[in-house]
*Asks:* 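Here you go, one structure.
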Amino acid sequence: GAVVSQHPSWVICKSGTSVKIECRSLDFQATTMFWYRQFPKQSLMLMATSNEGSKATYEQGVEKDKFLINHASLTLSTLTVTSAHPEDSSFYICSARSALSSYNEQFFGPGTRLTVL
Amino acid sequence: AQSVTQLGSHVSVSEGALVLLRCNYSSSVPPYLFWYVQYPNQGLQLLLKYTTGATLVKGINGFEAEFKKSETSFHLTKPSAHMSDAAEYFCAVSRGTALIFGKGTTLSVSS
């Protein structure tokens, strides 16, 4: 149980285009989802927290208009990187937490590697 | 504010040797603490967590960690390293419903 999937697993796009990444909880309802960004050989940086049906809460320094997050259902959250540029290239990881999760336990997706040319 | 410091960005051990990965935390409230492992190009897998109660926590793959409030530490250990343990390890502390991660420690295991 507690499986989180991400799609796509990798994507290459041209500079200036937008890319959407999906995060799904496959066998539980995720009341809260989190989006992280990870640069090579570095830690996970929390970008935003999204609760189902409400606006995402972004961490300081993360551009809301650049990284659009939607959490429209209890099993799906999407991250859209708008007008992507090479510096947006990174590994994006989502995680999900259910209302039944104890002690902030989160389940992580396998990640999406974005390369912007 | 909650934060985590992992001492040593890279730890190398021989197969069969003791593994010790260090983590110190800062938290204004009683912390929930986690250790995650990440293999290349994959997401994170939970190794173990401390919430309340027993301070010695046992996790998967033979790992364990001890919560020491007086030292604000939550070091990860394994008595005997396997080649398959080579990976990136992250310590994390809870902040509200979110997790704040340390910078990670790369564990290398040589035969």
Side-chain angles (χ1 to χ4, degrees), chain A residues 1-10 21 23-25 30-52 54 56-60 62 90-115, chain B residues 1-11 21 23 25 27 29-54 57 59-60 65 67 74 86-108:
Chain A
V3 178
V4 176
S5 70
Q6 280 185 243
H7 179 78
S9 55
W10 58 269
I21 302 170
C23 176
R24 294 182 184 271
S25 57
T31 50
T32 307
M33 286 185 166
F34 306 87
W35 286 94
Y36 296 85
R37 183 174 181 176
Q38 186 179 32
F39 292 102
K41 304 293 185 183
Q42 295 189 33
S43 187
L44 281 75
M45 181 192 77
L46 179 64
M47 298 175 67
T49 301
S50 72
N51 292 297
E52 185 267 337
S54 61
T57 302
Y58 289 81
E59 295 296 300
Q60 192 172 9
V62 178
S90 193
F91 194 51
Y92 293 88
I93 302 175
C94 74
S95 69
R97 177 179 180 272
S98 81
L100 302 178
S101 290
S102 58
Y103 308 111
N104 290 353
E105 184 170 358
Q106 298 176 21
F107 301 97
F108 286 80
T112 296
R113 183 158 303 283
L114 170 63
T115 301
Chain B
Q2 283 74 15
S3 67
V4 167
T5 302
Q6 290 184 242
L7 300 175
S9 60
H10 198 157
V11 171
L21 304 182
C23 172
Y25 71 91
S27 179
V29 297
Y32 299 152
L33 295 161
F34 305 79
W35 274 100
Y36 284 88
V37 62
Q38 183 182 34
Y39 296 99
N41 295 310
Q42 294 186 29
L44 275 67
Q45 180 182 11
L46 179 66
L47 280 175
L48 49 80
K49 62 184 178 186
Y50 169 78
T51 54
T52 58
V57 181
I60 62 171
F67 171 66
F74 190 57
E88 190 79 13
Y89 292 81
F90 293 97
C91 182
V93 63
S94 58
R95 189 202 71 190
T97 59
L99 293 178
I100 304 302
F101 287 86
K103 293 188 175 182
T105 298
T106 301
L107 175 65
S108 299

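Quick note on labels: first sequence line is chain A, next is B, and so on, each numbered from 1.
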*Asks:* Against chain B, label Leu44(A) side chain, backbone, both or neither, depending on which of its atoms sit under 4.5 Å from a heavy atom there.
*Replies:*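 Contact with chain B: backbone and side chain both.
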*Asks:* Tell me, for Gln38(B) versus chain A, whether the close heavy atoms (under 4.5 Å) come from the side chain, the backbone, both or neither.
*Replies:*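 Contact with chain A involves the side chain of Gln38(B) alone.
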*Asks:* Among Leu44(B), Ile100(B), Thr106(B), single out the residue with the greatest number of heavy-atom pairs under 4.5 Å to chain A.
*Replies:*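 Maximum pair count with chain A is reached by Leu44(B).
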*Asks:* Is any side-chain heavy atom of Ile21(A) closer than 4.5 Å to one of Gln6(A)?
*Replies:*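 Yes. Closest side-chain heavy atoms under 4.5 Å.
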*Asks:* Could you look at Gln106(A) and say if it's the side chain, the backbone, both or neither that has a heavy atom under 4.5 Å from chain B?
*Replies:*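 Contact with chain B: backbone and side chain both.
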*Asks:* With a 4.5 angstrom heavy-atom cut-off, which part of Leu46(B) approaches chain A: side chain, backbone, both or neither?
*Replies:*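 For Leu46(B), the contact with chain A is made by the side chain alone.
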*Asks:* Please examine the side chains of Tyr92(A) and Leu114(A), heavy atoms only from C-beta on, and report whether any two atoms are closer than 4.5 Å.
*Replies:*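 Yes - at least one pair of side-chain heavy atoms lies under 4.5 Å apart.
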*Asks:* If you count heavy-atom pairs under 4.5 Å with chain B, which of Gln38(A), Met45(A), Arg113(A) comes out on top?
*Replies:*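 Highest number of pairs under 4.5 Å: Gln38(A).
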*Asks:* Provide the closest heavy-atom pair for Lys103(B) versus Ser43(A) in the form atom of the first, atom of the second, distance.
*Replies:*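 Looks like CA-CB, 3.5 Å.
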*Asks:* More than 12 foreign heavy atoms under 6.0 Å from CZ of Arg95(B): is that the case here?
*Replies:*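 12 or below, so no.
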*Asks:* Please work out whether the ring planes of Phe90(B) and Phe101(B) are parallel, tilted or perpendicular, with thresholds of 30° and 60°.
*Replies:*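 If you compare the ring of Phe90(B) with that of Phe101(B), the planes turn out perpendicular.
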